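To start, the structure under review is shown below, and the notes come after it.
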Amino acid sequence: MDMKEVEQKWRTKWDEIGASKFHKENIDKKHYVLEMFSYPSGAKLHLGHWFNYGPTDSYARFKKMQGYEVFQPMGFDAFGLPAENYAIKTGVHPWDSTEKNIATMEGQLKRMDAMFDWSNEIKTCTPEYYKWTQWLFIQLYKHKLAYRKEALVNWCPSCETVLANEQVVDNKCERCHTPVIRQNMTQWFLKITDYADELLDGLDTIDWPEKTKLMQKNWIGRSYGAEADFVVDNAEKDVIRVYTTRCDTIFGVNYVVLAPEHPLVKKITTPDRMADVEAYIEYASKASDIDRLSTTREKTGCFTGAYAIAPLSGRRIPVYTADYVLFSYGTGAVMAVTAHDERDYEFAKVHDLPITQVIRAKEGETVLPYLDDGVLMNSGEFDGLYGEEARDAIASALEREGKGHKKTNYRLRDWSVSRQRYWGAPIPMIHCPKCGTNPVPEKDLPVTLPYDVEFKPTGKSPLASHEGYMNCKCPVCGGDAKRDPDTLDTFVCSSWYYLRYPDANNDKQPWDIDYINKMLPVDTYVGGAEHACMHLLYARFITKALRDMGYVNFDEPFKRLVHQGVILGTDGMRMSKSRGNVISPDEYVQQYGADAFRLYLMFCFSYTEGGPWSETGIKSIAKFMDRIEALVRKVNDMPVEDKAYATGSAEKELDYARNYAIKNLTRDLEAFSFNTAVARLMEYVNALQKYDGNENKNVPFLKDCISDLIKLIAPCTPAFSEELWEITGHNTSVFEERYPLVNEKALVKDEVEYAVQVNSKIKAKVMIAKELDNAAIQEYVCQQEEIKPFLVGKSVKKCIIVPGRLVNLIVG
RNA sequence: GCCGCUGUGGUGGAAUUGGCAGACGCGCGGGACUCAAAAUCCCGUGUUGGUGACAACGUGUGGGUUCGACUCCCACCAGCGGCACCA
């Protein structure tokens, strides 16, 4: 079969009949299949796209054949850093390069023969889309979920620009190799932390990979502890508030540590220590959070000269600043318990600080640092209390004295969404010297991203230099005002796109609420595991926030989630241009056709694991399809005579093979276990060929089995199967057919093979009739010639029977 | 470093979730067809020992639980994904 021609033929036909269209009248049977949309940075579709979209489309087609009304849209996550960097390097405007890339990728996606409903396509960089991204931001602002605060950014002093983490290599600017510093900048934040508890608890309600749920759980990082106040021994009596999960150790506090960015550091530092402290802050600004949290890194720090009074014990202890404390977590200050915390213990050794034991093991020796729960000592009235009981008592005491209280804390931080870049959705906010900061009125949306902008780094956001963009009228007083010069993080665009797809052409509102409530949640969402903690968490947060605002009525955006694995280069390394190990799918598609290529991707990798690319075997997949075609044509040409055909054991065997295939394909496709699904297809084809070798064939039965074969493989090789369906005399699409249903009766065997073990070693395989009970099985097995020798002079002490599988005789 | 995952023949990968390890392919070996080759078809193929029936060993390493462990537990090694401005 000339697959290129066949694929083109069916592509045209599918377009004519609107085969990929979603029919709203069948919404009660909807199944929303979504693949993570493409990022058009490279000019072309890569292997990863094929691996994500090809097999998932087969899943979508499988659902369609099960009678679901499938909605499978596609679009482009088109804003982002790479297009801007490309523009800075080459001078090609991000609009132009992005449009061109999208056009190329659309063409390639269409050749994939997936059932994408292109009438609902989305491109996040179009005003029609980002108008609603801006609308979303304003709703969040109005509901107090967007606010501004200072936050650290990577700053290259030489390029005078903010750098993405990706642009920082070894703490240096990737462009000019100047050491990068962390600098404070006022930024917009979204209050994802308001939803921390619900984001945790909601994990129990969704069908996601356990590992992804676990990663999100750890990312949110809920911990139960207490805040406690340490009063600085200075004129102002400044208060250092610390967060601790171990308030039971509070009598063992030997010093207090402030993060170098903590505003109190400079305030309380004594004049004689100021030079050292400033030098230390400078030093700390050069390290990344990952470096700072490394447990193997040397614990550095600097004494501020100040002392504070510990609550409850009243002890006077020194105040340090050290970069192993992060300003962004907890209160940005910790109490250091040198005897019961590893980092503090290490720090105390280096800085020659005392170590005060306040906990001992319940039994056995106590080795410092002792980290587990234990019995309190040297803790005044609390001596003798243990673990949680001690923490409760101490937290209550803190509260009584007005020096602290219990506190639940999260590792999760609010989501920083301001970007000092050009290629993103403009932040729809206006800064007025008189009225402060206010949102753009919704009737004035979108705030259009101007084309004629100097996007090369100048020390400010690119939009800040565009007078025509920046100058505007205050929506409150009508006076002269300025726009916010920043754009939104692209994760904001992708945090709600699944809501836009079903109603993508609505120009009155982001979506029709009634309609979207019927179309969502997404039934099956497929994309890479690298998004576990960011995109997937942001999307959940936005859904919950919109629900609370009344724009949707469901709690979770993605009912079921599947991650495809990563296909690596032939060298086992991640594909990248710099490594030169990038495999292009195009040549394979050219040579073998999209169907064979898709089938190969399904068969030769574990879908959720991926693995190194190898083209060995792609030929055999093409051959497998040839075998099917030959078989289908041969059986199709067999005349049906007017006679009674055989219905003996050969027919029973083939019917078993057919139903075995139906049962397993149905299960495996549902489970995204595509490689085993294809293996079962191969077994079925082998069984058909074996039966075809018989002299006396039941031709009508064989034709029926072939018909099922075409339906079974149809989701995997769509054009090929349509062609076979036509060859076998049909003038309708095979995707209008129902996926074959299993006949369980055909799978019942009179006898089952059991493995027989003696003392857990396999000694024989025995056919055992289905109706035997356990006692009869044991008796039957013991009579077998292969087993008898093992029983001579011994008795069976125990007999373990696993129904349908195994008998284990324990003898002695 | 921290969080999460993975490790099975020469090779890609299976294994009903604690029950016959290696399904289905690739590769390799042998054979049929052919003047020959390609294509196709048939047989074999974890390792070691044995002519052989068979035996021993075998799922990254070391230990443990169990009648029974690729699967569960503990410790370690290697690789991969993420670590909040790549998306």
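Throughout, protein chains are lettered first and strands after them, A, B, ... in sequence-line order, and every chain is numbered starting at 1. Nothing here was measured: the structure is a model prediction, and the numbers come from that model.
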### Anti or syn - B/rU17, cut at 90° from 0
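What B/rU17 shows is a syn base, its glycosidic angle lying within 90° of 0.
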
### Task
Would you classify B/rG9 as syn or anti? Syn applies when the glycosidic angle is within 90° of 0.
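Because its glycosidic torsion lies within 90° of 0, B/rG9 adopts the syn conformation.
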
Report which part of the nucleic acid [X] touches: base, sugar-phosphate, or nothing (heavy-atom distance under 4.0 Å, all strands).
{"X": "A/Lys623", "answer": "sugar-phosphate"}
{"X": "A/Lys619", "answer": "nothing"}
{"X": "A/Ile290", "answer": "base"}
{"X": "A/Ser620", "answer": "sugar-phosphate"}
{"X": "A/Phe603", "answer": "base"}
{"X": "A/Arg411", "answer": "base"}
{"X": "A/Ser418", "answer": "base"}
{"X": "A/Gln187", "answer": "base"}
{"X": "A/Val756", "answer": "nothing"}
{"X": "A/Arg421", "answer": "base"}
{"X": "A/Leu806", "answer": "base"}
{"X": "A/Phe624", "answer": "nothing"}

Quick one about [Y] and [X] (side-chain donor to acceptor, distance below 3.5 Å, no hydrogens or angles considered), yes or no?
{"X": "A/Ser38", "Y": "A/Tyr53", "result": "yes"}
{"X": "A/Asn85", "Y": "A/Arg421", "result": "no"}
{"X": "A/Asn101", "Y": "A/Tyr39", "result": "no"}
{"X": "A/Asp489", "Y": "A/Tyr538", "result": "no"}

Distance between [atom1] atoms of [N] and [M] (Å, rounded):
{"N": "B/rG64", "M": "B/rC28", "atom1": "C1'", "result": "40 Å"}
{"N": "B/rG19", "M": "B/rC76", "atom1": "P", "result": "28 Å"}
{"N": "B/rG9", "M": "B/rG58", "atom1": "C1'", "result": "10 Å"}
{"N": "B/rA14", "M": "B/rG46", "atom1": "C1'", "result": "15 Å"}
{"N": "B/rA23", "M": "B/rU59", "atom1": "C1'", "result": "16 Å"}
{"N": "B/rA15", "M": "B/rG22", "atom1": "C1'", "result": "9 Å"}

### Task
On RNA chain B, check which nucleotide each of A/Ser294 and A/Ser494 is closest to and give me the residue with the more 5' one.
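So the residue in question is A/Ser294.
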
### Task
On RNA chain B, check which nucleotide each of A/Thr212 and A/Pro612 is closest to and give me the residue with the more 5' one.
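By nearest-heavy-atom nucleotide position, the 5'-most residue is A/Thr212.
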
Under a 4.0 Å threshold between the charged nitrogen and the carboxylate oxygen, would [Y] count as salt-bridged to [X]?
{"X": "A/Glu683", "Y": "A/Arg680", "answer": "yes"}
{"X": "A/Glu670", "Y": "A/Arg667", "answer": "no"}
{"X": "A/Glu261", "Y": "A/Arg292", "answer": "yes"}
{"X": "A/Lys663", "Y": "A/Glu744", "answer": "yes"}
{"X": "A/Asp323", "Y": "A/Arg182", "answer": "no"}

### Message
Counting primed atoms plus P, OP1 and OP2 as sugar-phosphate and everything else as base, spell out the protein contacts along nucleotides 64-82 of chain B at 4.0 Å heavy-atom distance: B, S or - for each nucleotide, 5' to 3'.
### Response
---BS------------BS

If you compare every side-chain N and O of [X] against the phosphate oxygens of [N] (OP1, OP2), does one of them come in below 4.0 Å?
{"X": "A/Arg413", "N": "B/rA84", "answer": "no"}
{"X": "A/Asn686", "N": "B/rG25", "answer": "yes"}
{"X": "A/Lys761", "N": "B/rC57", "answer": "yes"}
{"X": "A/Thr490", "N": "B/rC86", "answer": "no"}
{"X": "A/Asn675", "N": "B/rA14", "answer": "yes"}
{"X": "A/Asn218", "N": "B/rG4", "answer": "yes"}

Between [atom2] of [N] and [atom1] of [X], the distance in whole Å:
{"X": "A/Leu537", "N": "B/rC83", "atom1": "CG", "atom2": "P", "value": "13 Å"}
{"X": "A/Asn664", "N": "B/rA14", "atom1": "CG", "atom2": "P", "value": "15 Å"}
{"X": "A/Ile618", "N": "B/rG27", "atom1": "CD1", "atom2": "C1'", "value": "17 Å"}
{"X": "A/Leu536", "N": "B/rA87", "atom1": "CG", "atom2": "C1'", "value": "12 Å"}
{"X": "A/Leu190", "N": "B/rC85", "atom1": "CG", "atom2": "C1'", "value": "14 Å"}
{"X": "A/Lys191", "N": "B/rA84", "atom1": "NZ", "atom2": "P", "value": "22 Å"}
{"X": "A/Asn85", "N": "B/rC85", "atom1": "CG", "atom2": "C1'", "value": "11 Å"}
{"X": "A/Asp626", "N": "B/rC41", "atom1": "CG", "atom2": "P", "value": "10 Å"}

Residue pair [X] / [Y]: nearest heavy atoms and the distance that separates them:
{"X": "A/Phe76", "Y": "A/Pro40", "answer": "CD2-CB, 4.3 Å"}
{"X": "A/Gly48", "Y": "A/Gln564", "answer": "O-NE2, 4.4 Å"}
{"X": "A/Arg658", "Y": "A/Tyr684", "answer": "CA-CE1, 3.4 Å"}

### Strand-adjacent residues in residues 163-174 of chain A, judged by heavy atoms under 4.0 Å from RNA chain B
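Per residue number, the list reads A/Leu163, A/Ala164, A/Asn165, A/Glu166.
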
### Task
Mark yes or no: A/Lys149 above the aromatic ring of A/Phe189, with NZ or CZ under 6.0 Å from the six-membered ring centre and no more than 45 degrees from the axis.
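Yes.
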
### Query
Parallel, tilted or perpendicular for A/Tyr588 and A/Phe597, by the 30°/60° rule?
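Judged by the thresholds at 30° and 60°, the geometry between A/Tyr588 and A/Phe597 is parallel.
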
### Task
Any chance you could lay out the ring-ring contact (aromatic ring centres under 6.0 Å, His included) test for A/Phe558 and A/Tyr498, step after step, and finish with the verdict?
CA-CA 9 Å; A/Phe558 315 122; A/Tyr498 48 90; 4.8 Å; yes

### Listed nucleotide nearest any side-chain atom of A/Leu81, set B/rC20, B/rC86, B/rA15
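Looking only at heavy atoms from C-beta outward on A/Leu81, the closest nucleotide is B/rC86.
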
### Pair pattern of RNA chain B in dot-bracket, where unpaired bases get dots and | marks partners in another strand, Watson-Crick or G-U under 3.5 angstrom
(((((((..(((......[....)))((((((.......))))))((((....))))..(((((..]....))))))))))))....

